[in-house]
Each structure stands twice: as C-alpha cells, then as structure tokens.
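Remarks on the structure that follows.
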Amino acid sequence: MARRKKIYEGKAKILYEGPEPGTLVQYFKDDATAFNAEKRATVEGKGVLNNRLSEFFMKGLAQVGIPNHFLKRLNMREQLIRQVEIIPLEVIVRNFAAGSMSTRLGLAEGTALPRPIVEFCLKDDKLGDPLVSEEHVTAFGWASQQDLDDMVSLALRVNDFMSGVMLAAGIKLVDFKIEIGRVWDNDFQRLIVADEISPDSCRLWDVETGQKLDKDVFRRDLGSLSDAYTEVARRLGVLPSNVTHAAKPTLIN
Ligand code: UDP
C-alpha cells in the first residue's frame with residue numbers, strides 16, 4: 001500500500017491524509033490508556049472492534065438524521081471520514097452518576113440524574129481535560145453561543161439514539177463523550193459528530209446485572225476488556241451471535 005501522510009497520532013487512533021481533499025483515514029489502534037495515559041496496555045483486537053462499533057453507531061446516527069463524519073469503512077482497522085475542524089471540547093452526556101461526576105458531587109455511582117446533563121471539558125491533556133462552564137467556552141472563544149446551543153442539541157439527540165440502541169441490547173447507557181467538528185458546505189458552516197463512538201468513550205452497564213462492558217473494565221482492573229467489547233458487539237449484532245466470550249473477535253461483513 002502506498003505510504004500515506006500521517007496527520008495526527010492520538011492515544012487510540014491515527015489520522016492519515018485521505019484519498020480526496022476534505023477526507024481523512026482514521027486508523028484504530030489496539031492501545032488502551034486511562035488516567036490521562038498514566039495507565040497503558042495493548043488489547044489485542046480492540047481497534048478492530050472499535051472500528052466496527054463506531055461505524056455501527058455513526059451509520060445509525062446518519063439514518064436518524066444526525067450528521068457525522070463517517071463516510072465508509074475501508075478495512076478491519078480503518079475508516080474514511082470527513083475532515084472537520086475539531087472544537088477543542090469533550091462533550092459529555094450523563095444519564096446516571098458515575099466516574100468524575102460521582103467523585104465531584106459525592107453521588108453514588110448509578111444514581112439516576114433528574115435529566116440528561118451535558119458537560120464540557122477542555123481538550124488539553126497537560127491540564128487533564130478540565131471541566132469548563134459555558135461562560136468559559138464563549139469568553140475564551142473555543143465556540144460561540146450558537147455553537148454551544150447546537151452542540152447541546154446534537155449531544156442530546158445522540159444520547160436519545162444511543163440510549164435506545166443500547167437498551168434494546170440489554171445495556172444501560174450511563175454516560176458518554178463525543179467530539180464535535182465544524183464543516184463547511186459552500187459558505188454554510190455546520191457542526192457534525194466526529195472522532196469515534198465506542199466502549200472506549202461510553203459507560204455501558206448490563207441492565208440486569210450491572211456488569212461493566214466499557215473502558216472501566218481496564219481502568220479498574222475488572223477483567224478482560226476484549227471480552228467486554230466483544231460482548232457489546234455481539235449483542236448489537238456487529239458480531240455473529242455464536243461468538244463466545246473466550247473467542248477472539250470474528251467479524252461478519
Ligand atoms: N471520557 C472519554 N474521554 C475522556 C474523558 C471521559 O471518553 O478523556 C468518557 C468516559 O469514558 C465516560 C464519560 O466520558 O463515559 C464521562 O467520564 P468522566 O468525566 O466520568 O471521567 P473518568 O471517570 O472517565 O475520568
């Protein structure tokens with residue numbers, strides 16, 4: 001394969017120049033990191049699963065009219081995406097308290113929130129991605145008030161879609177993070193969902209047992225991350241149903 005120009009390498013993904021202007025190739029690595037990359041491991045098959053799962057969610061979002069960067073899966077680890085200008089914020093939606101919200105507010109993990117809560121964190125590894133207010137966002141110019149309104153609306157639509165898809169698979173969507181980017185269609189600017197949606201960026205609990213099926217398995221040493229992600233993929237029909245926990249990920253077309 002011809003060598004492509006690397007545009008950016010992050011903790012779990014690499015972006016390469018795409019075949020046409022305005023496109024990129026997103027490559028999913030097997031690297032897992034947590035606590036701002038203080039904890040690291042390689043999880044065999046994670047990149048393959050997240051490529052498939054992100055494709056599954058992004059295609060579903062597009063089918064219900066939620067714009068996103070996904071164009072097409074290229075192979076086991078790569079997908080073609082629209083190039084966007086990433087807004088430097090992590091947009092988090094929470095349905096139940098967990099993780100940093102539980103720590104910050106002293107809420108037991110799993111406490112139902114009165115309504116979905118949208119939070120913004122500044123994307124800055126050196127600062128540990130601090131929580132910021134909408135006042136910070138507009139005052140420092142990371143996004144306009146109109147962008148903020150659009151981001152909240154996009155995030156809540158993604159939440160409704162993802163909660164329903166997950167519930168149908170017996171999974172509770174506790175919280176998740178998305179990233180949002182700007183694209184220009186002629187002179188018209190709009191915001192679309194970018195980056196990835198996968199168990200790396202969601203909290204997913206089995207509805208019946210509460211078993212964790214997301215990156216907390218790695219963060220908190222709760223077992224095999226690959227088994228957890230394989231289970232999510234199997235339940236969503238991204239893997240054939242006869243794949244057992246012990247099996248290596250086997251993909252269907
Ligand atoms: N999250 C993420 N990337 C980050 C921080 C958070 O994908 O850099 C996701 C995380 O997996 C969870 C949600 O955002 O689904 C809320 O995370 P939280 O603020 O509780 O932080 P954590 O406990 O993961 O440090």
Side-chain angles (χ1 to χ4, degrees), residues 8-13 26 28-29 31-41 43 46-47 49-51 53-54 57-58 68-69 86-113 115-134 136-137 142 151-152 154-156 158-163 165-167 169 171-181 193-206 210-222 225 228-229 232:
Y8 175 80
E9 178 156 4
K11 289 177 281 226
K13 297 187 295 294
Q26 179 163 252
F28 288 77
K29 302 194 275 187
D31 298 352
T33 62
F35 311 119
N36 209 2
E38 274 169 35
K39 180 171 178 171
R40 294 163 182 271
V43 179
K46 179 173 87 79
L49 285 164
N50 280 353
N51 186 26
L53 284 164
S54 201
F57 297 128
M58 295 291 186
N68 66 77
H69 73 165
I86 285 281
I87 294 182
L89 298 168
E90 300 198 329
V91 183
I92 293 173
V93 184
R94 301 177 184 273
N95 298 305
F96 299 86
S100 68
M101 172 179 260
S102 288
T103 312
R104 208 181 318 121
L105 301 181
L107 292 169
E109 287 215 313
T111 306
L113 300 174
R115 58 183 167 85
I117 295 178
V118 181
E119 292 177 348
F120 297 96
C121 293
L122 179 64
K123 263 171 70 73
D124 186 326
D125 283 342
K126 285 197 292 296
L127 299 176
D129 298 339
L131 182 70
V132 292
S133 71
E134 297 198 6
H136 292 119
V137 172
W142 299 317
M151 284 194 283
V152 169
L154 263 180
L156 291 174
V158 172
N159 185 46
D160 283 348
F161 171 80
M162 292 290 294
S163 298
V165 167
M166 289 300 179
L167 188 61
I171 296 170
K172 185 192 253 189
L173 180 63
V174 174
D175 59 30
F176 65 94
K177 181 262 310 188
I178 54 172
E179 295 186 22
I180 292 175
V193 178
D195 188 47
E196 75 178 294
I197 301 182
S198 76
D200 269 3
S201 49
C202 301
R203 280 197 171 90
L204 306 171
W205 296 357
D206 181 90
Q211 185 193 354
K212 295 186 192 335
L213 298 168
D214 56 59
K215 206 162 92 176
D216 275 348
V217 171
F218 170 71
R219 292 189 189 100
R220 304 178 189 188
D221 296 320
L222 299 175
L225 193 69
Y229 286 21
V232 173

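Excluded from the calculations below are hydrogen atoms, water molecules and symmetry mates; all remaining heavy atoms, backbone and side chain alike, are included. Computed from a predicted structure; not experimentally measured. Remember, it's 1-based here, ligands and their atoms both numbered in the order they're listed.
- Protein heavy atoms are absent from the 4.0 Å sphere centred on atom 25 (O) of ligand 1.
- Atom 3 (N) of ligand 1 has Lys177 CE, 3.6 Å as its closest protein atom, hydrogens excluded (heavy atom only).
- Within the 4.0 Å heavy-atom cutoff, Asp200 counts among the residues contacting ligand 1.
- A salt bridge is defined here as a Lys NZ or Arg NE, NH1 or NH2 lying under 4.0 Å from an Asp or Glu carboxylate O, and Arg104 with Glu119 meets this definition.
- Annotation for ligand 1: atoms under 4.0 Å from non-hydrogen atoms of Arg203 are 12 (C), 15 (O), 16 (C), 17 (O), 18 (P), 20 (O), 22 (P), 23 (O), 24 (O).
- Of the listed residues (Gly128, Cys121, Ser100), the one carrying the non-hydrogen atom nearest atom 19 (O) of ligand 1 is Ser100.
- In terms of protein heavy atoms, atom 15 (O) of ligand 1 is closest to Asp175 OD1, 2.6 Å.
- Within the listing of ligand 1, atoms 15 (O) sit less than 4.0 angstrom from a heavy atom of Cys202.
- Inter-residue side-chain proximity for Leu154 and Ile180 is flagged as met; some heavy-atom pair is nearer than 4.5 Å.
- Although no hydrogens or angles enter the test, the distance criterion places a donor-acceptor pair under 3.5 Å between the side chain of His69 and the main chain of Asp195.
- For atom 10 (C) of ligand 1, the closest non-hydrogen atom of the protein is Arg219 NH2, 3.6 Å.
- Residue contacts with ligand 1 leave out Glu119, since none of its heavy atoms falls under 4.0 Å from the ligand.
- Checked by atom type and distance alone, the side chain of Asp175 never pairs as donor or acceptor with a backbone atom of Cys202 at under 3.5 Å.
- Scanning the protein heavy atoms around atom 4 (C) of ligand 1, the nearest turns out to be Glu90 OE1, 3.3 Å.
- Checked by atom type and distance alone, the side chain of Asp124 never pairs as donor or acceptor with a backbone atom of Asp129 at under 3.5 Å.
- Residue Gly99 has at least one heavy-atom neighbour below 4.0 Å for each of these atoms of ligand 1: 20 (O), 23 (O).
- Listed for the Ser54 side chain is no donor-acceptor partner under 3.5 Å among the backbone atoms of Asn51.
- The shortest separation from a heavy atom of Lys215 to ligand 1 is not under 4.0 Å, leaving the residue out of contact.
- Proximity to Asp129 (heavy-atom distance under 4.0 Å) selects the following atoms of ligand 1: 8 (O).
- Counting heavy atoms of neighbouring residues, nucleotides and ligands inside a 6.0 Å radius, atom CZ of Arg220 exceeds 12 of them.
- With sequence neighbours excluded, the residues satisfying salt bridge (charged side-chain N to carboxylate O under 4.0 Å, His left out) with Asp31 are Lys29.
- Every residue two or more places apart in sequence or in another chain was checked for a ring pair (Phe, Tyr, Trp, His ring centres under 6.0 Å) with Trp205, and none qualifies.
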